[in-house]
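Reckoned from all heavy atoms, side chains included, excluding hydrogens, waters and symmetry mates.
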Amino acid sequence: MYLQGVILNEDTRCTLADLCRLCGVPAEVIHEMVEEGLLTPEGLSPGDWRFTCVAIKRVQTAVRLQHDLRVNLPGCALALDLLEELEELRRLLRVRR
Amino acid sequence: MEYKDYYQILGIGRDATQDQIKQAYRKLARKYHPDVSKEKDAEARFKDAGEAYEVLKDPEKRAAYDKFGANWRNGDHFEPPPNWDAGFEFRGAGYTGGDASGFSDFFESLFGHDHATGRRQQTFRMRGEDQHAKIVIPLADAYHGARQTITLSRPVVDPSGHVTTSPHRLHVAIPKGIVEGQRIRLEGQGMPGYGGSPAGDLYLEIAFARDPLFHADKRDIHLTVPVSPWEAALGATLTVPTLGGDVQVKIPPGSQGGKKLRLKGKGLCAGANQGDQIVTLQIVVPEAKTEEQRQLYRTMAEKLPFNPRAAMGR
């Protein structure tokens, strides 16, 4: 019996409720993250919001950074953007080598 | 049990002030935070720093710890003397460090679990914790899809309340066309829940093992193929390896080194997401070893009017 997982990528979507359940956070936390621009869901109202499954990692990382390093929400958004940029630069470096 | 030198872990002297301890910890926490750091042992160092800070930030715990003296070295075999903690009160200090469930035996035997409460126990969620792990797979497994048995080490609480780690084996299907950095979520495969609640989830992040021929960039697979000058000049049909087996590739006459050929759909493909293989031509010049071979090059120099540095005006 081999376990079949769900791939979390840009093509898979989840709702606000899914995101809260998966990350173990209340909806208010997600609201704040959307307001901060840390998450950019499709859809206009929270009921219609659809997040890509990449958002799960952003929320989980933001929660850990807030807890472990006492980074506030704008700081988390900045750190996540910089981490993504760093990852992209590392990727380009690997391709060049 | 191994002695832990909390001062050495934080990189400070035994006479450090409380402020210096705080600064040293915060610096290390930023440096080794597993979400931020690329260091190999980041997670272990982050936990160690959290544990060291948990003890040294609290003057009572620090005083008790200091009683063991300065002659112990990190990793020394250590048993606390009986009643070593008589006269100390470990209470009142809030928990701020890393994940207490990962603290060492050394910490637990001195300060027990009650002195440190894990962050997730503080919230009243009863669902088991999520687990995160990285697995390294060969590129071919990502191309074809594969089945893998992985072993994760998982903390277990034994009947006496002592935390140990035990290997946890899982059989996992690697979906065809997975890309480096993507995560797979395995529902209910994380830590068991408390009081009959559901288990947490397991998140596996995919990394690729280094391959001697190919390397992946998202869905595209890159391969450098050496060609001879006459193959490049006259055109040729080459046998080129792909992750799906050899294919015949036609290169046009007059191909230059660095030319890229795209083999559609020969990269990492999952449903509508198609990856390609990008073949980069590398012209390799044969060494002229005999007089006859050198003469061939001289003939080329005479008969082929060619200045490779024309664009430089030299």
Point to revise | Nearest-0.5 Å distance that lies between atom CG in B:N273 and atom CG in A:D11 | key: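 Between atom CG of B:N273 and atom CG of A:D11 there are 4.5 Å.
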
Review point. Roughly how far, to the nearest 0.5 Å, is CG of B:L170 from OH of A:Y2?
Key: 11.5 Å

Check your understanding: Taking every heavy-atom pair that is under 4.5 Å apart, which of A:L92, A:V54, A:L86, A:L83 has the most such pairs with chain B?
Key ->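 Sorted descending by pairs with chain B, the first entry is A:L83.
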
Practice item. Tell me, out of A:R94, A:R90, A:E10, A:E87, who's got the most heavy-atom pairs with chain B below 4.5 Å. Key: A:R90

Got a sec: does the [atom1] of [X] have more than 12 other heavy atoms crowding it under 6.0 Å?
X	atom1	answer
B:E205	CD	yes
B:K22	NZ	no
A:L93	CG	yes
A:E88	CD	yes

**Study point:** side chain to side chain contact (heavy atoms under 4.5 Å, CB included) evaluation trace for B:H132 with A:K57
**Key:** CA-CA 11 Å; B:H132 298 262; A:K57 186 171 184 182; over 6 Å; no

So which part of [X] gets closer than 4.5 Å to some heavy atom of chain A, the side chain, the backbone, both or neither?
X	value
B:V36	both
B:I206	neither
B:Q148	backbone

Check your understanding: Can you tell which of B:R147, B:Q182, B:K218 has the highest number of heavy-atom pairs within less than 4.5 Å of chain A?
Key ->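 Among the listed options, the one with the most contacts to chain A is B:R147.
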
Practice item. Pick whichever of B:H215, B:Q189, B:R26, B:E187 has the most heavy-atom pairs under 4.5 Å with chain A. Key: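 Among the listed options, the one with the most contacts to chain A is B:R26.
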
Just so I know, are the side chains of [X] and [Y] near enough to count as touching, which here means a heavy-atom distance under 4.5 Å?
X	Y	value
A:Q60	B:Y203	yes
B:D201	A:L22	yes
A:L69	B:H33	yes
B:I178	A:I7	yes
B:V179	A:N9	no

Check your understanding: What are the two closest heavy atoms between B:F46 and A:D68, and how far apart are they?
Key -> CZ-CB, 3.7 Å

Point to revise | Verdict with reasoning, B:E180 to A:R91, per salt bridge (charged side-chain N to carboxylate O under 4.0 Å, His left out) | key: CA-CA 10 Å; B:E180 185 153 47; A:R91 188 181 68 80; over 6 Å; no

